Each structure stands twice: as C-alpha cells, then as structure tokens.
Amino acid sequence: MDEKFKKPYDPAGTEARIYAAWETSGYFNPDNLPGDRTEPFSVVLPPPNVTGVLHLGHAYEDSLQDAVVRFERMRGKKTLWIPGTDSAAIATQSRVEKNLQKEEGKSRHDIGRDELVRRVREFAKASESTILSQVRRMGASLDWSRYAYTLDERRERAVATAFKRMYDAGLIYRGSRIVNWDPKGQTTISDDEIVYEERQDTLYYLKYGPFTIATARPETKFGDKWVVVHPDDERYAAFKDGQQIELEWIEGPITATVIKDAVIDREFGTGAMTITPAHDATDFEIAERHGLPKEQVIDEYGKLLPIAGEFAGMKIADARPKIVEKLRAKGLVAKEEPYTHNVATAERTGAIIEPQVKLQWFVDVNHPFTLEHSEIAGVASGAEITLKQLMRAAVEHGAVAMPQEGFRSAYFHWIDNLRDWCISRQIWFGHRIPVWYRGEEIAVGEAPSGEHWEQDPDVLDTWFSSALWTFSTLGWPEETADLETYHPTSFMSPAYEILPLWVARMILMAGFHLGQAPFKTVMIHGLVRDSKGRKFSKSLGNGIDPLEMIDKYGADALRMGLLVGSAIGHDIRFDEQKVKGYKHFANKLWNIARFVLENTNKESWSDKQRLQSEDFPYKNEMDRVAREVSEHLEGYRTYMAAEQLYHYVWHEFADKIIEESKGILNGPDETAKTDRRWLLAYLLSTCLKLLHPFMPFVTEEIYQSLPTKDSDYLMVAPWPVVE
RNA sequence: GCGCUCUUAGCUCAGUUGGUUAGAGCGUUCGCUUCACACGCGAAAGGUCGCAGGUUCGAAUCCUGCAGAGCGCACCA
C-alpha cells in the first residue's frame, strides 16, 4: 500500500497535480480519447466574463456540467466541453473607463476610440488568465485546445456573417424607434437589461383646456399638442376625434387636437392624457398609429431642450419642481396626489431610463422569411416562418427539450411578449456593427473597397455574439468537422436569469443560421444564495470566494456541497458546514481505500473469482446502486445520484460491509477470505468510478494507487455497466 | 392584471411517473482513544409532509379552494 494513505487525504497537495496530469493526458480533447467512440456528447460552457473572477454561481455551474460531462466521457461517448470567455462589452468598458477617470482624470473622449478600445482589449487580456485558472481549480474537464473568446477573430467573422445573412433576409433593419436610453451609460439597452424599481412620486393633475390630465412627468409636457381619450368613454363623448381646441399651456396658448384611441385605460387618472411621443413607448405607438410628429424634449444627457423655454438646459430633477411651480402659478394644477409606481432603471448603471427616439439597428422578430433547411422538429424545410414562431416551435415540438414545466411556461410567456430586439449599443468596445455608409449607399458584412466609406460607429449588443456561441465555437461559418459532429450540442445548463437574454436567443440564432436547435436539452438551474437566502452582492458584503472554500476543504468537497440535495432549478442556500461535511466524506473514502488496499493483494484485483453465495447480495446491491446512479445522471438528476452514492459509500460499504469483513479477514476460512478480498476490490473500484463525476480529484488519486486498473486514468475508465 | 416557484424534523433541503413503518446533512442528547478513518465509531430524541375539501383500495405526491413566502412579465399617462 502507498504510504500516502497513512495520512488524512490532503486535497491541497493533490488537486493541482492531478489536474496537470489530466491536461497532459490530452483526454479533455475528444480527438485523443481512447477506444472507438462514435456517439458525440457536447456542451459549451456558458462563458464567464473575461475580466471577472470565479463566484459560487460559476462554481455550481461548473460542478453540474463537469459531472454530466465526465459521466458521458466514461460511458464511452466522444465528449467535448468547450471553454470560453465573454467580452461583456458594457461591463468591461465601464470598468476601464472608471479606472481611466480615477488614475488619469480622463474620459473616453479625451483618449479617443482607438486608444480606449486598445486599453480595454489589453485589460481583458490581462485578466483572462485569472478566471481561466479558477475554472481549472474546480476540476472542469474542458478542452482548452478549443478555447474561444467572444471577441477573437473567428467569432468576429461569425458575427459579421450572421449579421449579413440576417440583414439580407430582411430580419435586421435600421429604424428610428423609441428605445431604452441610459443617460448615464450613454447607450441604448434592451428590454431585458431593465430593472424596475418602486418609487414614491407625485401624480399631478393638470388642467388642459376642458380636460384634466394626470402625469408623473410634467417636464415632458411642453410639446404635448394631443389629448387622447378612449373612444367609448362617455365622459368625453362630446369631443370628436380630430377636434381642435385652443387652450392655455405652460409656455402660452396652443392648439390641441383630440385623439381617440382604445389603448387608453379609462380607470387611470381622469381617463384623458396628453402624449409625448418622443419619450414614452405607449405615446410613440399612438403617434405612429395616428401619423403624428415626434418632437424631442429631453436630450441624451437628461437635460431639457429649447422647447422648454426658460427651463432649457436644466436637468430633469432640477426642472420638475420649478415647472410645477410655474403651472401652479398659472392655475393649471388641479390636484396633486402621492403616487407609487415602477420606474425603469438600467441594470448596469442604475440610471433612470429615458425613452428616446433613435436611429438604431433591430432584429425583426415578426418578419416572415423562408427557412430553407430545417432539422427542427415541427418546422419543415422551406417553411415560411418568423423568428418568433421559430423560437416557439423549437421548444414546443421538442427540438429543444425543456423538461422543467415552469421554465417552459416562462419561456413561452416571454416569447409571446417579445418585441423587436434592439442590437446596437453606443459604446466603443465590442463587435462593431458591420455596416458602412457613403452618402445614400450602404454596405453590409465586409468593408467595401473605395474611398469615403464610414463604418457605423455603434457596436452590437453583447448577447448578439453570445447567441451564436454554440456554433461559433465550433468554427461556423466554415463547415468544419466539429460543427458537423458536435452541433446541435447535447446539453446546456444556464441560470434562469438568462433564459430570455441568452437561451432564447441561442435558439433564435441556431434556428435561423443552421436550421438546428442549439442544444438538445436545457436544464435551467437556480442561483446560489447566502445562508439567509440573499443574493451575493458587493454592497451586502456577503460574498464567499469559492477559491477560499477550495483551499479549506478541497474542490471535491465544494462540488458535493453545491450539488447534493439541491434540485436543479431551485435556488441554493450556500452552507459552509455542508462543504465541510463532504471534506470529511472525501477522507472517509480515502480511509476506505486504505483499508481495502491493506487487506487485498494483487490477485484480488485481477482474478475474477466466483463469489461466495453470501457475498452475492452485496454485489447485487452495488450493481443496483450503479444502475440507479446511471439513471439519475441520464435524467440530469445529479443531486439524487450524488446523494445516493454518499449514502451507499458511507453507510453500506463502510459501516456494514467493511465492519463485517474484519471478522472474515481475520478468520480461518481461506476461501471466504479470497472471495471477500475480491468483493472489496470490486466495490471500491466501482465506487470510485461512480463517484468520479462528482469528486474527480480524490477518486483519481486513489485510482492511481490501485494494483490493477482498467485504464491509465479513472477519467477515461469504463463506466460500470450493469444490466 | 397575467404567470411561475415554494410551504416536509430545530436549521438547510431531497423525495422522478401516487404504493409497504416519510429520508439526508448539519445541529441536539447519551456512550466510546474499538487494531481503515476522532475529518471517526455506536446509540437516541425529533415530523398530524401550510390549511380545508376532493379523486383513489391507497396521496407529501394528482385536482379544487384558501393562507403565507419568493420571483418573473406587463401596465404604470
């Protein structure tokens, strides 16, 4: 027996060495796997932010996916797990900008676009190694030879190609539309990047000629020349659609027009409102329907424009009380009441969103196109379809299996409410929009030859490139062997937070560009929270560094602590005591190995002896566990599999079988001894294999000390096959 | 307003398609330096599975209603 077993298991002294050995073996790359493997199994890692550090959410995600990947690899599949990082454009740029301001007192405009982009790239490159080495410490069996970055050259090509093809199909268009403008970040953001916050404000009832209108935003009202009521509202039956009224308004007398539109909620306020098409989505739609102009009142910095008369140049917050004062003085305020409502804020910057009309690029989700080639169940090749319908069909007919009912409904609910996706962002770091202008001319896809072409200054929403991830990582748009073999990918396990942001858009992109699902099964997981159920956040100071947990208890223990007893899809409360418990379990396994190795000989491991009859129940029981664990893993019930193994190893194998073996091994019956030794060897080797997906390090370390092995590494040892 | 999830032992949670005395970890109590392991061993206490109905031979599990907790989406003039 190896001397190392005389001391307790030491994860810190083991894990780095084992991981390095795995990397050297080349087995993370499916091209090097032993045996004749035909059936592929592929997963892409949800790419962490390139400048980020590993948090417990990643740790959980890595544990979950690695368990599945290792299981499939041992089962003999051609298994590929692709690592990558995401540029997280807005987050990364704003971090560099913050540093620039702090260290040099400069803004991005001081150093210019090229210099800023250069610095952001540099910063991203410098921090890349941190997150990658941290993912390694979790034991993740990723094929590093296929590492991808959302902003590298190949992905750049994929993005430009995707953009062009969608543009040519009429699915990407440029238009003046009302968008979510973040005055602090100075960029548009998508609907999914908005967080609603409850605020206490005042609802002002203003006299508007014969009407009284309610508003929370008097500062937008300067240009309001239309008053809208519901067509069936009897209170306003006397007014006709299109009727003109002279009235006194903020800056003097104006001519207002009555409009009737069914979008009005008769119950709200007085049932009459004036509209500000340039700064409100609903108002914009009304204006579109009735062909009204949309005059800008507030600029990109949240300041009032000249239309606001003496208030021009003021910030909204400063202007509002002064405007109300003036309205009061003119006797135009009928009533004021406290008002609780939700205010849209930007997820990143926290700024209040100012809807603005802007010329932006959009993905049209309702434009019909012909899907020439389709492998998606329920969608025929050559079908006329919209992106929205395609996204729905892929899940509805099972091309993407979404076994969790609740998330399926959430997905459909999201699809049904989906509007066109604004994909342009007014920042500098990211995939620049592949469009060039020269006067009225436009070139899409590649830079055109000839002079005086100007590239669009905006960059693409980071989720545009992320949405291509399952196939851009496999070499698309080239028709690579990888793409042929590994797409659609087998499995995806993202957090529910990014179901719409990412999952749905991957389905959109893979559907349009390949006529395939991006993945066959998606298992959505929950969030890791602190012991009180709160989200981890900097402001709460409740962060837990997974690396610290690994240092203290080992990666195996952390993995088990995150996986056991946490049903996929539900939030997890992180419990350090639980992790500690699994450190003990790793040590228990270590001591089981010590006992078995001390009490067996080489023959016990190589000879396939016939078992004594009373030993058969033990073998059968082990085989039953192996079968159930396999079934659980096949159904992605990792939490069940891990728990069952824990229970079996500790309370059956150790507590009962080993205890009983002591008597037999010290007894007189030589045949019984031989059979028992064989049993112990059989049980240990089977348990190591079954536990390997969950606790790869300790199991591999023990496996390396076995007298005979089925393969050079446990990582590629054949999974116990049981009828 | 629409929708989703949860409510099981002191705490944190499992319990896949309904089937024998409802499980785990931690914690608690008692006893053990027993020759694999004190990162351990042995034993014990602890639950009318949120409440009320229903379906069924049988319900923690399915259906309906109610209560509480959390979350998402929409509206928000």
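If you're wondering where the values come from, they're calculated on a predicted model, not measured in any experiment. Quick note on labels: first sequence line is chain A, next is B, and so on, each numbered from 1.
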With no hydrogens and no angle check, just 3.5 Å: does a side-chain donor-acceptor pair link [X] and [Y]?
X: A/Q644; Y: A/Y639; answer: no
X: A/D461; Y: A/W421; answer: yes
X: A/K4; Y: A/S705; answer: yes

Atom [atom1] of [X] and atom [atom2] of [N]: how far apart are they, to the nearest Å?
X: A/D416; N: B/rG72; atom1: CG; atom2: P; result: 19 Å
X: A/D575; N: B/rG10; atom1: CG; atom2: P; result: 17 Å
X: A/N591; N: B/rA36; atom1: CG; atom2: C1'; result: 5 Å
X: A/H651; N: B/rG25; atom1: NE2; atom2: C1'; result: 9 Å
X: A/K583; N: B/rG40; atom1: NZ; atom2: P; result: 10 Å
X: A/Y60; N: B/rC13; atom1: OH; atom2: C1'; result: 12 Å

Original post:
Would you say B/rC35 has OP1 or OP2 under 4.0 Å from some side-chain N or O of A/K662?
Top reply: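 No, because none of the side-chain N or O atoms of A/K662 sits under 4.0 Å from OP1 or OP2 of B/rC35.
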
Original post:
Are A/H584 and B/rC26 close enough that a side-chain N or O sits under 4.0 Å from OP1 or OP2?
Top reply: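 Checking B/rC26 against A/H584, no side-chain N or O comes under 4.0 Å of OP1 or OP2.
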
If you go through the side-chain atoms of [X], does one of them form a donor-acceptor pair with the base of [N] closer than 3.5 Å?
X: A/K578; N: B/rC26; value: no
X: A/Q644; N: B/rA24; value: no
X: A/K588; N: B/rC39; value: no
X: A/R637; N: B/rU16; value: yes

**OP:** Check A/D182 against A/A351 and note the closest heavy-atom contact, atom names and distance.
**Re:**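 Reported closest heavy-atom pair: OD1-CB, 3.4 Å.
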
Subject >> Considering all heavy atoms, the nearest A/L56-A/V528 contact >> reply: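 Taking A/L56 first and A/V528 second, the nearest heavy atoms are O-CG2, 3.8 Å.
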
Subject >> Axial cation check for A/Y553 ring with A/K583, 6.0 Å and 45° limits >> reply: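 Checked: cation-pi criterion not met.
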
Original post:
When you measure from the centre of the six-membered ring of A/F284, is the NZ or CZ of A/K294 under 6.0 Å away and within 45° of the axis?
Top reply: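 Judged by the rule, A/K294 and A/F284 form a cation-pi pair.
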
Subject >> Pair pattern of RNA chain B in dot-bracket, where unpaired bases get dots and | marks partners in another strand, Watson-Crick or G-U under 3.5 angstrom >> reply: (((((((..((((.....[...)))).(((((.......))))).....(((((..]....))))))))))))....

Original post:
When the P atoms of B/rU8 and B/rC62 are considered, how many whole Å apart are they?
Top reply: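 After rounding to an integer number of Å, I get 16 Å for this pair.
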
